[in-house]
Structures are given as C-alpha cells and as structure tokens.
Amino acid sequence: MRILLDHIGLIPTGEEAYIENGYLMIEGQFIKEMGQGPAPAGKYDRIIDGQDRVVLPGLVNSHTHAAMTLLRGYADDMPLMDWLENKIWPLEAKLSADDVYWGTMLAISEMLKSGTVCFADMYFFMDAAARAVEDSGIRAVLSRGMVGVGPENEIAFGESRDMVEKWHGACKGRITCRLGPHAPYTCPPDYLERVMQLSDELGVGLHIHIAETRVELEDIMRIYGNTPVAHLDKLGLFERQVLAAHCVHVNAEDIEILAAKQVGVAHNPESNMKLASGIAPIRQMLNAGITVALGTDGASSNNNLDMLQEMRSASFLQKVHLMDSTVIPARQALQMATANGARALGLDNEIGQLKPGYKADMIIMGLKEPNMLPVYDPISNIVYSAQAADVETVIVDGNILMEDRVIKAFDEEEVLAKVKECALRLVGK
C-alpha cells in the first residue's frame, strides 16, 4: 500500500517544530517521505485529506495490564495491598484464557480510540494476549507476569519461555517479548537470579514494578537493608535492558543508579494518584538523563487507558507538586508519550517519531472541534485540550486500523458483547 497524507500538519516529535500544510508518504510498513508544501506527484492507493488535521507519532502506553479491563470498576477506592490481596487477585484466579483474549481486545479497542499504537503488557495467559495483538494489528511488548512465591512460580518460567520462543518478533515485528518478574517484594533474590539467567539465555529484557508504594520501600529496606532500586542493582538486574514501572519512592542515589544503568522508567501518574501511592520525582529523573515514559497501568486502577489524559495528568501533577508551572511543558509531555516510550521499550529505532525509514505508526487528530480551537500551538492543544474523540485515524505498520473513529481491523461490537459475557461469569451474576 502507498498512502499519502496531504495538506496536513506534521508533528515529527515533541522536540521538533510544527510543520504546517505538509505531506507524508507511507509505503508498506514504513514512512517513505515527508515535508512541507505540495506532495510529489505519483500513484497512491489512498490519499487522505489532512485539512484541519495534524499527524503525529502514535502514543506508546509503556505499562499496563490490558485484560484488567474486565475488572474496571470492580473494586475502587481501596489501599493498594488491600485492593490486590482481597479483591483483585481472588477475581483474577477465576480468569480463563478466553477472558484474557476478550479483555485484551477490549483494551486494544479503547487504546486505538484514544491514539495508542503500542503498549507494554504484563499479565498471564499471554498466548491469548498475543493472539489479540495479532488479530487487531496493534503493536505490543508482552511479558508474562512472574511471581516467585506460591504454586505458580515454576509455571511462570515455562510459560515465559514458550511465549518468547513463539511470539518474540512475530507479526512482522509487531510483537516483541520480555520477561515480567512482578516486583522485588514478590520475587525473592534466588528467583530473580533464575529470571536473569533466563533473560540472558533468551536475549530479552525485563519489565518489573519497582518502588510503587511506601510500604514496599519499608519492607524491602527491612528485609534486605537497601532500597528496592539499590537491592535490584546489587543483584545485577540492571545489567540487562529493564523497563521499571512506577519508581515513585526513589531517592537521589536510586536516581543515579537508574540513570547510570539506563533503566527506562514507566511513569503512571493517574494510577499512582488513584491508589494514593505517591508522586514520583519525575523532574529529577529527567534532569538526570533517565528515559521517562508514560503508562496508564491497568484499567482497574486508573480506570481508563487514555494516554491523552495521562499526558495532561503527568504535566499538571508535577506542576502543582513542585509549585512550578514550567515543569513538564507540553512538548516534553508529548515526548514522554511517544519517543521516550519507544526508547524505554527498546523500539526507538522503529517508532515514536515521524521520520523516513521509521515504521508507519501514527495518528491523525482533528483540529476543528471547539475544544481544539483556536490553534496557537497544536502541541499544547493536543496535550492540554484534546480528548479521545479528537483521534480520527490510527495507522500501525502502514495499516489503517481506525478511520473516522470506526475500527476497521476487527469487529468492535463483537468485542463489547463478549466482554459483557465474561464479566457476568466472573462475578456470578
């Protein structure tokens, strides 16, 4: 397919200047050419009129648990550990592979309709999650959650190996895999040692929760005599490519370690606020050179998967926390949701920017609705004013997955009907 976006505004990255009245050519999976002014003459399979529209890199959700859409609203307004131990984990024990497939498809529907083109997932029944990614056309980095205590610790090893061997690099590279040790408080050192050995053997990175709550910090300090970051560094975990979710309760020494070891941090502001986990020191991390990306976490702790909202929340939360209105300006927030997300997931030479040779993963947003006018700075409008409904078209790997707000890649109505059936069975109604 050769696709031309014509007479359209271009936002190549959060850092580069906005290009008015530009064009962008897609050939197969890749961006072929882009620039300002009239598009070069040629034959195209599709020409999309970009009048009153802007094209930008698709958003990257760097941390979520996709199938937890099935648990959305099930247990709200509770402390994290009470929420996990008494509500979420017991209900998750009832989930089947079929539930995870349809829950992931629901998550993908929601993410596509709010501009996400790639997500990092950590859950179980990951073969079902991978099939959802395959069927939907979206891009994903998948990890089978691994807990080092309890009966499933050995099961997780076998399933993780099988997932990597079957799905890593599948779907023309749309699916990549990592190992997913849950957290230092659920994975003892000997278990993490085995995870690291498997990581080295398979040649894949890691995705782990770190320092999400004050309770976690206190427990790890009491048991191991170090902060969670220092503890994992001492074990050698950061000698591999690591995506660290949350990193809320980190000190200056922790930040130095994360920067030195090039750990990617997935900041989840809305989940951290809802669960009262705390406020991550994002300005300090960015100043230290850490790649800070954005994630939604699961839909049961957020309660949506809208990365547009996450950008706005990330910026506003830091501004009020530090009493500094210049912190996390709109361009930096967009960078965190696009290029930084790609870098944190190890995909920065493929996605996260509009650039010739990069994969054609992008979204087209309208600039003509009341909430988007007037347009003095389109990036500010996208970060501070946009809503999911402003996302008109989503393209992944050169394929149009959604156009004019209609998902083309799969039957959304079937997904919604199946999810209702799954939810009724789970709660016994």
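Given the structure is predicted, the values throughout are model-derived calculations rather than measurements.
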Is the distance from the ring center of Phe125 to that of Tyr101 below 6.0 Å?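 Not under 6.0 Å, so no.
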Run the ring-centre check on His246 versus His267 and record whether the distance is less than 6.0 Å. no
When you look at Met285 and Val250, which way does the side-chain contact (heavy atoms from CB on, under 4.5 Å) test go after all the steps? CA-CA 10 Å; Met285 291 187 199; Val250 293; 3.7 Å; yes
Say whether [X] and [Y], considering side chains only, have a donor N or O and an acceptor N or O under 3.5 Å apart.
X: His7; Y: Asp49; value: no
X: Thr213; Y: Ser277; value: no
X: Tyr18; Y: Asp377; value: no
X: Thr326; Y: Asp324; value: yes
X: Gln309; Y: Asn304; value: yes
X: Thr296; Y: Asn61; value: yes

Heavy atoms, side chains only, cut-off 4.5 Å: are [X] and [Y] in contact?
X: Ile395; Y: Ile363; value: no
X: Asn302; Y: Lys274; value: no
X: Pro356; Y: Glu33; value: no
X: Ile8; Y: Tyr23; value: no
X: Ile108; Y: Glu412; value: no
X: Lys113; Y: Arg405; value: yes
X: Leu179; Y: Met146; value: yes
X: Val242; Y: Ile208; value: yes

Quick one: does any side-chain atom of [X] pair with a main-chain N or O of [Y] as donor and acceptor, under 3.5 Å?
X: Glu216; Y: Ala211; answer: yes
X: Gln353; Y: Thr13; answer: no
X: Asn371; Y: Ser385; answer: yes
X: Asp121; Y: Met126; answer: no
X: Ser114; Y: Ala388; answer: no
X: Thr176; Y: His168; answer: no
X: Asn268; Y: Ser271; answer: no
X: Trp83; Y: Ala75; answer: yes
X: Ser136; Y: Ala132; answer: yes
X: Asp390; Y: Met365; answer: no

To the nearest 0.5 angstrom, please state how far the [atom1] atom of [X] sits from the [atom2] atom of [Y].
X: Leu401; Y: Ser109; atom1: CG; atom2: OG; result: 11.0 Å
X: Arg343; Y: Leu345; atom1: CZ; atom2: CG; result: 11.0 Å
X: Ile88; Y: Tyr74; atom1: CD1; atom2: OH; result: 7.5 Å
X: Asp254; Y: Thr227; atom1: CG; atom2: OG1; result: 3.5 Å

Yes or no on salt bridge (Lys or Arg N to Asp or Glu O under 4.0 Å) for Lys166 and Asp127, after CA distance, side-chain angles and deciding distance? CA-CA 9 Å; Lys166 180 177 180 180; Asp127 190 69; 3.0 Å; yes
So does Lys261 have more than 12 non-hydrogen atoms from other groups sitting under 6.0 Å from NZ? yes
If you count every heavy atom of other residues, nucleotides or ligands that lies below 6.0 Å from Lys319 atom NZ, does the total exceed 12? yes
Arg139 NZ/CZ over Phe119 ring centroid, <6.0 Å and within 45° of normal: no
Taking only Lys NZ, Arg NE, NH1 and NH2, and the carboxylate oxygens of Asp or Glu, determine whether [X] and [Y] approach each other closer than 4.0 Å.
X: Asp397; Y: Lys172; result: no
X: Glu350; Y: Arg174; result: no
X: Glu270; Y: Arg312; result: no

Can you label the angle between the His65 ring and the His209 ring as parallel, tilted or perpendicular, going by 30° and 60°? parallel
Let me see the working for Gln387 and Asp306 under side-chain contact (heavy atoms from CB on, under 4.5 Å), right down to the final yes or no. CA-CA 9 Å; Gln387 302 169 5; Asp306 188 338; over 6 Å; no
Verify side-chain contact (heavy atoms from CB on, under 4.5 Å) between Leu70 and Leu95, making sure each step is shown before the conclusion. CA-CA 9 Å; Leu70 293 178; Leu95 290 173; 4.0 Å; yes
May I have the step-by-step check of side-chain contact (heavy atoms from CB on, under 4.5 Å) for Val415 and Phe410, ending in yes or no? CA-CA 9 Å; Val415 172; Phe410 54 90; 3.9 Å; yes
